[in-house]
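Inspection log for the structure reproduced underneath, given as structure tokens.
Nothing here was measured: the structure is a model prediction, and the numbers come from that model. The chains referred to below are lettered A, B, ... by the order of the sequence lines, with proteins before strands, and numbering in each begins at 1.
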2 protein chains.
Amino acid sequence: MFPGRPRSRPAIITLANVARKAGVSKATVSRALTRPDKLSKATLERVTRASKQLGYVSHGVARALATGTTHTIGAVIPTLENAIYAVSTGSLERRLDQAGYLLLVACHEFNSQAEIRAVRAFISRGVDGIVLVGLAHAPETMQLLRESRVPYVLTWSTRPQARKPTVGFDNRYAGRLIAEHLIRLGHQRVGMIAGITKGNDRAADRLMGVRHALANAGLKLSPELVVERPYSLDGGTEGIALLLSRHRPPTAIVCGNDILALGALREAHARKIAVPRELSITGFDDMPIAELGNPPLTTVHFPMAEIGWHTGTALLRTLGKTEDAFESELPIRLVVRNSTAPPEGLSDFEFKGKAFSGRRQR
Amino acid sequence: MFPGRPRSRPAIITLANVARKAGVSKATVSRALTRPDKLSKATLERVTRASKQLGYVSHGVARALATGTTHTIGAVIPTLENAIYAVSTGSLERRLDQAGYLLLVACHEFNSQAEIRAVRAFISRGVDGIVLVGLAHAPETMQLLRESRVPYVLTWSTRPQARKPTVGFDNRYAGRLIAEHLIRLGHQRVGMIAGITKGNDRAADRLMGVRHALANAGLKLSPELVVERPYSLDGGTEGIALLLSRHRPPTAIVCGNDILALGALREAHARKIAVPRELSITGFDDMPIAELGNPPLTTVHFPMAEIGWHTGTALLRTLGKTEDAFESELPIRLVVRNSTAPPEGLSDFEFKGKAFSGRRQR
DNA sequence: GTGAAAGCGCTAACAA
DNA sequence: TTGTTAGCGCTTTCAC
């Protein structure tokens, strides 16, 4: 069932064939396809029938060469293994499809060289627009974008002072949000299992947000309480193991995403550490499966599907293909479930005081 | 940051520009790009420099028109919200990228009309190959494939007698595998929370496999013990609620995938039903998060990433772009964790006997 | 080893 | 309303 050799170029039915059959010129057939209203009912009918009879399929490549537009958008995302990118890419595709655009997808797997290659390939193929994930990109990537003049949108992150087209939310703010929640609960030793920050400004921003929130509260994110791990259950497991092995372990652990948090939660369970009584654990992303955590994770909710959808709308707008409004900055919210009750024995006094110390010493 | 109007067609650096600058003909520049070995060292050098200086980027569309090949593959998948399709599409992309191909992705969301549209769009854009998920497709889809003569591979499923190019595994066999496991444990009243089978032959096949296995054992998958739900946690929750509301509820529930199983497990927990002591629950797909089930799910493992990778290899092979070997039929295996112990009180006698009846009556 | 010329299939002025 | 014509930027014989 798998012939080893390529087919010869298939005999193709061209617009010229249709023209001959319908007894009209090529231009007329072309119009029939693009602006049928510009034709008389009779000829349109003739062309349509001829086209149908021959099973004509328009040659998009030739059309693209003639018009200078491919009706194709290229998205370079980190990976499809992470549900947040998969889901947002899915809704991006739906939005684009609605407007008659096709989506090229490339994954760079957190390798900036791969991103450059993908952008170059997209431009070379003549995409009408490009979607990139995150704010930080290799200079070469931005140069390609600039020189080719291909419209683009950066997605999954934004910043108040962003000077480029972006759709997303502020990951630093998200980090602050969850850290402030923990601080309000009285935690003073907060640790973090972050995602790998190299090549991932979203992960870096979340970490930075947590750090700033703690600093603002006169606390500090101790270097020995920060660990970076890939977004996987095992990453969470390893991360928590490391943090708990510290001389003075944290009373709360902020995880860079829900998968890490679920991994950490699993390990806490295995070690018979009561969450949240003895230890608080939080996540990011609010994935559907997050509620499977036991206890369910307190996390920061990002509207994954909306991000992709709005990104598509933003791009289409730049292309003049829609007048739809869209949000450049998307709402996020802290979803408090119950993996973050205050540490055991925390009192009002301690809450305000400075002498708080982690309860668990293992 | 979002200009509302489209750019004018950007001034582009063509191959002709490079030719002029290098003082050679267009043909020579073209050769420099495609078969550099056919040029003298000196001219190649000149062309290369000129090309670099001008920042020339080849015009893929024009090249495609001239060569009749776009170096693009189109994949029509059900949805990116389901991790199995996201992950396999990701590895497909990696495989294709390795061979210099770009991937167009369209999601049909289990709508066969959408699939037809996508295939038509792909063919129109001149893709060199197409990937479709599943064995069953609308006649129109297959007709388009046949008439356009575009090579294609059907993925995520195969069957011993499949007469089309497929890469995947036998979902019926997978269904049988898990049902036989339950039968061996002595279950006689087995229920199933299947995925929506309409437009999804994988879901239908899994159901069929379970049904056949039971039939072979002289048992029966009672219609009132079969419920179809979308692949979501809530689907699992609703499904189990329905099955448990039956006059004689099942002692084991086969879920159409791991998400459904996790949802069912969650509900069992909520109802204080001990799994597996009082009720067995199983899944399909063996997603990483499946181990978060409590107890961890017994499930059928499918190698998601390999499916995409092998699909890519199969397609490239048809295109004559690789000689790599690949497996058309992929291995699957039953992963027995511990959500499927026999029902409480099941004895050897009962195991062999005929009078077994579900223990739980609620 | 290199160049000239003829398209690939379509669209878009401009004419009629 | 319809046809004629000239490309879009590249590849590819076929000469030289």
task = Identify, residue by residue, the members of residues 39-51 of chain B with a heavy atom below 4.0 Å from DNA chain C, and return them in order of residue number, or none.
result = B/Leu39, B/Ser40, B/Thr43
query = Who passes side chain to side chain contact (heavy atoms under 4.5 Å, CB included) against A/Glu45, sequence neighbours left out?
reply =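 With neighbours one apart ignored, the set is A/Arg49.
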[X] has an atom [atom1]; how far is it from atom [atom2] of [N], in whole Å?
X	N	atom1	atom2	value
B/Lys38	C/dG3	NZ	P	17 Å
A/Arg125	D/dG9	CZ	C1'	15 Å
A/Leu65	C/dA12	CG	P	12 Å

ask   = Under the salt bridge (Lys or Arg N to Asp or Glu O under 4.0 Å) test, which residues partner B/Glu140, sequence neighbours left out?
value =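 Listed in chain order: B/Arg120.
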task = Only pairs at least two apart or in different chains count here, so list each salt bridge (Lys or Arg N to Asp or Glu O under 4.0 Å) that has a residue in residues 21-38 of chain B.
result =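 Pairs touching residues 21-38 of chain B that pass the test: none.
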request  = Enumerate the residue pairs fulfilling salt bridge (Lys or Arg N to Asp or Glu O under 4.0 Å) with a member in residues 77-88 of chain B, sequence neighbours excluded, ordered by first and then second residue.
outcome  = A/Arg94-B/Glu81
inquiry  = I'd like to know if the side chain of A/Ser328 and the backbone of A/Thr166 have a donor-acceptor N/O pair within less than 3.5 Å.
reply    = yes
Net bend of the helix from C/dG1-D/dC16 to C/dA16-D/dT1, end axes of five pairs each, nearest 10 degrees =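 Comparing the first five pairs with the last five, the axes sit 30° apart.
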remark   = Per-nucleotide protein contact along nucleotides 10-16 of chain D, 5' to 3', at a 4.0 Å heavy-atom cut-off (B base, S sugar-phosphate only, - neither), is BBBB---
Residue list, side-chain hydrogen bond (donor to acceptor under 3.5 Å, both in side chains) with [X], at least two apart or on another chain:
X	answer
A/Gln98	A/Arg95
B/Glu93	none
B/Asp97	A/Arg117
B/Arg159	B/Asp205

note = The ring-ring contact (aromatic ring centres under 6.0 Å, His included) partners of B/Tyr85 (sequence neighbours excluded) come to B/Trp156
query = What does B/Val61 touch in the nucleic acid at a heavy-atom separation under 4.0 angstrom: a base, only the sugar-phosphate, or nothing?
reply =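 The residue B/Val61 makes no contact with any strand.
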